[in-house]
Amino acid sequence: MKICQSCGMPMNTETLYGKNADGSKNEDYCTYCYPEGSFNNPSETLQEMIESCIPFMMKEGYSESDARDYLVKNLTGLKRWQ
Ligand SMILES: [Zn+2]
């Protein structure tokens, strides 16, 4: 399964893929990160991405520190943050 190379979200259906400027699908990034040929928030840093994902993970039952550990481990290696 592909995961978004920006936020780490699993993209298990085609509708979650991002879009290139010409309307074709972008299989590297999800529709939230890369909606229309560019990043939703181009100047976002890895640290900001991690902070913005933590509340969503806490809703799924992670503690804040577990969520942060998980995100640091899983987002650091993604293409966008190289
Ligand atoms: Zn994403």
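Nothing here was measured: the structure is a model prediction, and the numbers come from that model. Whatever order the structure lists them in is the order used to number ligands and atoms, beginning at 1.
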Contacts of Lys59 meeting salt bridge (charged side-chain N to carboxylate O under 4.0 Å, His left out) (sequence neighbours excluded), chain-then-number -> none

Of all heavy-atom pairs linking Leu46 and Trp81, the shortest is N-CZ3, 3.3 Å

Thr45 meets the side chain to side chain contact (heavy atoms under 4.5 Å, CB included) criterion, sequence neighbours left out, with Gln47, Glu48

Under 2.8 Å from the Zn ion (ligand 1), the protein N, O or S atoms found are Cys4 SG, Cys7 SG, Cys30 SG, Cys33 SG

Residues at least two apart in sequence or cross-chain that pass side chain to side chain contact (heavy atoms under 4.5 Å, CB included) with Thr15, listed by chain then number, are Thr13

Notebook entry, point to check: Looking only at atom types and distance, does a side-chain atom of Glu36 sit under 3.5 Å from a main-chain N or O of Asn20, one as donor and one as acceptor?
Noted result: no

(request) Could you label the plane-to-plane angle of the Tyr70 and Tyr62 rings as parallel, tilted or perpendicular, counting under 30° as parallel and over 60° as perpendicular? (result) tilted

